Structures are given as structure tokens and as C-alpha cells.
Amino acid sequence: QVQLVESGGGLVQAEGSLRLSCAASGGTFSRYVMGWFRQAPGKEREFVAAISRGGDRTDYADAVKGRFTISRDNAKNTVYLQMNSLKPEDTAVYYCAAKSYIFFGGSYFRTEDRYDDWGQGTQVTVSS
């Protein structure tokens, strides 16, 4: 089990940028596939991005492809989500999630049930 703490959320104007961080502790970070999800008010939680254990493979939701970038630093036990060209519809609570797993491919990690550990979330609000 790994503990996850997100940070970096806040209020930003449309077309602005934010970088979210998720710090992990209590586990061997390099063994975990990491994902970002978000939940807007009144909506279900949805997949945003995922990254393989070594950081060489990524997957993105269509809604954020080309605007968001997921990355990780295994030496710092941290995964990042760089968000550019933000839109009001990106407003949500953003969660990071972890799964100790070797496999990474296709859309396998787009489902929240694949993940074992979750952070508490960080609020991102984009004003128009």
C-alpha cells in the first residue's frame, strides 16, 4: 500500500496553466503504475492520464490529449500532471491513483477499479 498526497491545485483563468504533483510514500514507487482522475460537481469520476512504472509509456483521455502531460520522477517518488490551455470544463477535483502492476498497455488503466490506492484530491478551478 502506498500513501498519496496531491498538491498544486488552485484557481486559474482559462488558457492558463497549472502543474499538479502527487507525492507517494510507504511503498516502492517505481513498482506502481500511476494515474490521474478527476471529478466535476455532479459528475462521475473520470480518467485523465496514466503513466507506466518507468515513465516511458503514457495514456490520455481524448478531452485532455495535447493539453495535459503526465510525467514522473521515481527518484522523488512523485508523479506530475502539467495542464496547459485550461478550459472551464477542466474544473474538478483531481485525484492521483496507484497500482502495483507490471503490465501497461491499451486502455487498461483508464478504469478506476484498476487502482488500489488513492489520494485525497486537489481542487482545480478554471474561470472563464
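Just so it is clear, the model here is predicted, and its values are computed rather than measured.
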Spatial distance of atom [atom1] ([X]) from atom [atom2] ([Y]) [nearest 0.5 Å]:
X      : Y      : atom1 : atom2 : result
Ile102 : Arg53  : CD1   : CZ    : 5.0 Å
Cys96  : Trp36  : SG    : CH2   : 5.0 Å
Phe29  : Asp73  : CZ    : CG    : 8.5 Å
Arg114 : Asp116 : CZ    : CG    : 11.5 Å
Arg38  : Phe47  : CZ    : CZ    : 11.0 Å
Leu20  : Tyr95  : CG    : OH    : 13.0 Å

* Could you tell me which residues satisfy ring-ring contact (aromatic ring centres under 6.0 Å, His included) with Tyr108, sequence neighbours excluded, listed by chain and number? => Tyr101, Phe103
Residue pair [X] / [Y]: nearest heavy atoms and the distance that separates them:
X     : Y      : answer
Gln82 : Ser17  : NE2-CB, 4.0 Å
Thr58 : Ile51  : CG2-CG1, 3.9 Å
Pro88 : Ala14  : CD-CB, 4.2 Å
Gly9  : Val124 : CA-CG2, 4.1 Å
Ala24 : Leu4   : CB-CD2, 3.7 Å
Gly54 : Arg72  : C-CD, 4.5 Å

Is [Y] close to [X] at the side-chain level, that is, under 4.5 Å between some pair of heavy atoms?
X     : Y      : value
Val79 : Tyr32  : no
Thr91 : Gln123 : yes
Val2  : Arg31  : no

Short question: side chain of [X], backbone of [Y] - any donor-acceptor pair under 3.5 Å?
X      : Y      : result
Arg57  : Phe104 : yes
Arg110 : Tyr60  : yes
Glu6   : Gly121 : yes

* Salt-bridge test for Lys65 and Asp62: reply yes if a basic N is under 4.0 Å from a carboxylate O, no otherwise. => yes
* So, for Tyr115 and Phe109, is the gap between ring centers shorter than 6.0 Å? -> yes
* Measure centre to centre between the rings of Trp118 and Phe37, then say whether the value is under 6.0 Å. => yes
Between [X] and [Y], is there shared hydrophobic-cluster membership here, with clusters defined by ILVMFWY side-chain heavy atoms closer than 4.5 Å?
X     : Y     : answer
Val33 : Phe68 : no
Leu81 : Val12 : yes
Tyr80 : Met34 : no

* Let me see the working for Asp90 and Met83 under side chain to side chain contact (heavy atoms under 4.5 Å, CB included), right down to the final yes or no. => CA-CA 9 Å; Asp90 294 318; Met83 305 186 294; over 6 Å; no
